[in-house]
Protein chains: 2
Amino acid sequence: MTDIRPGSKAVTLKDLAAELGLHASTVSRILHAETDTARGAAAPATAQRIRDLARKVGYSPNPQAKGLRTRRSHLLGVIVPRLSDLVLAVIYEGIEEAADDAHYSTFVMNSRDDPAMQRRKAEIMLTRRVDGLIIGDAHLDGDILIELTERQVPFVLMNRAVPGFPSATCDDTLGGTLAAQHLWDKGHRSVSVIAGEPYASTAVDRTNGFVSRFRHLGGQIPESAIVWSRFDTLGGRSAADTIFSDKNRRPSAIFAVNDFAAIGAMGAANSHGLLVGRDLAIVGFNDTSLAAQLPIALSSVRSPMMDIGRLAVKLLLGVLNGETVQAVKLAPILCVRESSSHEWMSE
Amino acid sequence: MTDIRPGSKAVTLKDLAAELGLHASTVSRILHAETDTARGAAAPATAQRIRDLARKVGYSPNPQAKGLRTRRSHLLGVIVPRLSDLVLAVIYEGIEEAADDAHYSTFVMNSRDDPAMQRRKAEIMLTRRVDGLIIGDAHLDGDILIELTERQVPFVLMNRAVPGFPSATCDDTLGGTLAAQHLWDKGHRSVSVIAGEPYASTAVDRTNGFVSRFRHLGGQIPESAIVWSRFDTLGGRSAADTIFSDKNRRPSAIFAVNDFAAIGAMGAANSHGLLVGRDLAIVGFNDTSLAAQLPIALSSVRSPMMDIGRLAVKLLLGVLNGETVQAVKLAPILCVRESSSHEWMSE
DNA sequence: CTGAAAGCGCTTACAG
DNA sequence: CTGAAAGCGCTTACAG
């Protein structure tokens with residue numbers, strides 16, 4: 001068992017060397033020659049002795065010393081709007097997994113989608129000497145990314161894309177398209193969109209994908225039927241209230257770009273005496289774990305959240321490796337459930 | 001504006017010293033004498049020049065070098081079952097805030113409540129040389145905490161307590177008591193409990209608090225009415241299904257030790273043709289942001305999640321400071337909503 | 001009041 | 001095949 005206590009003596013290279021009657025530099029050389037056994041680094045027998053002892057005492061190099069010397073911290077910084085957004089929490093699980101596999105550790109910080117906070121958190125991470133940043137709160141209208149690029153900070157975007165920067169996202173446009181096709185096929189001709197925050201590509205792309213396809217099929221969506229909103233339940237509820245307050249237009253279906261907004265819309269529908277799945281169809285986005293378990297199961301476009309996280313790490317490691325990386329979009333699939341499975345008879 | 005780029009030259013102490021015609025050690029001394037201005041560290045004028053330049057170029061000491069020298073990383077490790085559990089995500093926000101204020105940074109890792117994974121993650125954090133651990137996934141029956149204590153790793157528990165170790169938690173027993181009193185007052189005499197995982201103090205204490213009070217008031221709760229379950233929505237649903245499948249006993253109220261389990265129970269009730277808030281009362285725990293926004297608003301015992309996070313940091317800093325710290329419990333309050341506000345007439 | 005040295009634990013050319 | 005030196009950027013007694 002390893003015995004590494006914060007602040008107290010851990011086993012050092014020098015300890016190993018002393019134990020073996022060797023010089024620390026020799027031990028170091030061997031412990032790095034993982035791939036090519038004893039490739040000029042030391043005699044095979046010596047190498048074996050070193051490795052055996054290292055394993056036995058559970059040696060692990062002091063990351064501070066190593067980082068100081070190599071100028072690589074093996075630390076990745078992750079910035080998200082909020083971890084209490086389930087979508088980001090799940091993506092982060094993917095990030096943690098992939099980083100772990102690559103022997104990197106990750107910091108994660110909440111920016112609350114506030115530009116000043118985004119800057120502050122990025123600065124803290126850089127001060128900590130992270131090797132690179134995974135940014136999950138990119139704003140379409142921000143200039144932080146340009147600054148980071150100028151400062152040559154290695155980074156990739158995750159979840160939200162911004163044209164011109166590398167990113168790992170869901171194909172949100174396609175997701176919106178799937179939702180539109182589904183609702184059209186079920187007979188809906190009057191639909192509204194709870195569109196999310198206009199500064200987020202997720203909101204914009206999902207909305208665009210939906211609207212384009214619906215119009216392409218011959219449907220009408222007036223601008224007034226697209227309601228921008230916060231991503232959370234409360235945002236969804238007030239957006240839905242806005243939609244229902246229009247007495248001249250009562251949509252038979254709502255597409256919400258986010259499951260939580262969709263849940264809020266379900267609550268609003270309930271308050272207005274509408275039974276979801278009969279009087280009103282609702283489709284959400286992300287297929288979070290809650291969707292299928294709600295009293296009225298929610299249809300949702302499933303985005304591969306874990307994979308987005310893993311991919312983000314892969315892309316960032318690519319950047320750190322000097323490769324040129326692109327924006328990559330992962331395909332979503334539609335999960336139809338009780339909230340939108342009924343056929344709608346247009347009157 | 002600071003200009004710190006990973007891997008590239010950042011401003012060092014030596015740079016500052018050269019610029020000022022001083023020795024690096026002098027600069028270092030001043031930059032540490034924050035409290036007592038120039039207290040024997042340097043001439044007031046020199047101190048001022050140093051501080052001005054440091055601010056101007058945005059100097060921040062290299063944490064690796066500093067850590068190597070001082071044997072303090074100013075890093076805290078946080079281990080949670082899963083960040084996709086909203087409760088932990090919110091607690092983590094409190095942790096991040098408090099750590100930030102104290103100039104600490106935090107790693108957070110998911111252990112999935114799996115003992116092997118808990119060990120692994122703790123080991124990774126220790127290998128990273130964190131100064132201490134905040135453990136949010138403690139099991140009542142585990143032995144990891146004993147090991148850590150023997151190895152003299154500084155740590156505190158958060159969210160879940162284990163007797164004999166310092167912790168920051170909600171007063172879960174009190175929370176259960178509040179729920180029991182409320183349901184009793186509303187006229188319920190036949191109740192069931194969705195109790196959560198028996199290895200978690202949250203589950204055990206909330207259940208005990210509830211059962212004790214209910215029995216104390218003169219109510220009956222047979223052991224068969226206490227159903228242990230997972231903490232998530234699916235766990236709540238199957239627990240509720242179990243409860244409803246007992247044809248000899250149809251409770252008029254259910255206390256779930258967790259909001260997500262409560263939501264699952266709502267779904268199950270729905271499937272069984274029971275209208276929550278009329279045929280069945282449900283009370284959850286934590287008052288997560290969803291509770292108030294559900295189509296049928298969920299009554300819930302509100303735990304001070306953010307405060308628990310902040311407190312955990314405070315306690316751990318105390319431990320690092322050599323203080324003896326205790327288990328601290330924060331008081332919850334009951335939020336009554338539609339799901340349990342109806343009066344129940346016992347037949 | 002300020003400088004110079006030593007050393008934290010590592011890695012990396014460079015000798016031999 | 002192995003050792004010795006230098007140095008990453010800092011802090012901390014210790015001189016002077």
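Values below: every heavy atom of this structure, side chains too, minus hydrogens, waters and symmetry copies. In the text below, chain A, chain B and the rest are named by the order of the sequence lines, each starting its count at 1. Just so it is clear, the structure is predicted and the values come from calculations on it, not from any experiment.
In this structure, CG of B/N62 is placed 13 Å from C1' of D/dG7, rounded to the nearest angstrom. Put simply, CG on A/L68 is 12 Å from P on C/dG9, counting in whole angstrom units. The CD1-P distance, from B/I30 to C/dG3, rounds to 11 Å in whole Å. Between the CD1 atom of A/I50 and the P atom of C/dC10 there is a distance of 14 Å, rounded to whole Å. One atom, CG of A/L22, and another, P of D/dA4, lie 11 Å apart when rounded to the nearest Å. Atom CD in A/Q64 sits roughly 15 Å away from atom P in D/dG9 (whole-Å rounding). Atom CZ in B/R71 sits roughly 18 Å away from atom P in D/dC10 (whole-Å rounding). Spacing between atom NZ of A/K14 and atom P of D/dA4 amounts to 13 Å, rounded to whole angstrom units.
A/H74 meets the ring pair (Phe, Tyr, Trp, His ring centres under 6.0 Å) test with A/Y104; sequence neighbours excluded. Applying the salt bridge (Lys or Arg N to Asp or Glu O under 4.0 Å) criterion to A/D100, with sequence neighbours excluded, gives B/R120, B/K121. In this structure, A/D141 has no salt bridge (Lys or Arg N to Asp or Glu O under 4.0 Å) partners at least two apart in sequence or on a different chain.
A salt bridge between A/E96 and B/R112 is absent, with no side-chain N of the basic residue lying under 4.0 Å from a carboxylate O of the acidic one. Salt bridge present: B/R119 and B/D143 bring a charged side-chain N and a carboxylate O closer than 4.0 Å.
Sequence neighbours left out, the pairs with a member in residues 305-317 of chain A that pass side chain to side chain donor-acceptor pair (under 3.5 Å) are A/E97-A/R310, A/D307-A/R310.
Judged purely by distance below 3.5 Å, without hydrogens or angles, the side chains of B/D113 and B/Y199 pair a donor atom with an acceptor atom. Using a 3.5 Å distance cut-off with no hydrogens or angles, the side chains of B/D131 and B/S73 do pair a donor with an acceptor.
Stem regions annotated for DNA chain D: C:1-3 with D:14-16, C:5-12 with D:5-12, C:14-16 with D:1-3, counting only runs of 3 or more consecutive pairs of Watson-Crick or G-U type with both contacts under 3.5 Å.
Between B/F107 and A/F107, the ring planes are parallel. Angles under 30° get that label, and only those over 60° would be called perpendicular.
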Would you give a per-nucleotide map of nucleotides 11-16 of chain D, 5' to 3', where B means the base has a protein non-hydrogen atom under 4.0 Å away, S means only the sugar-phosphate does, and - means neither?
-> BB----
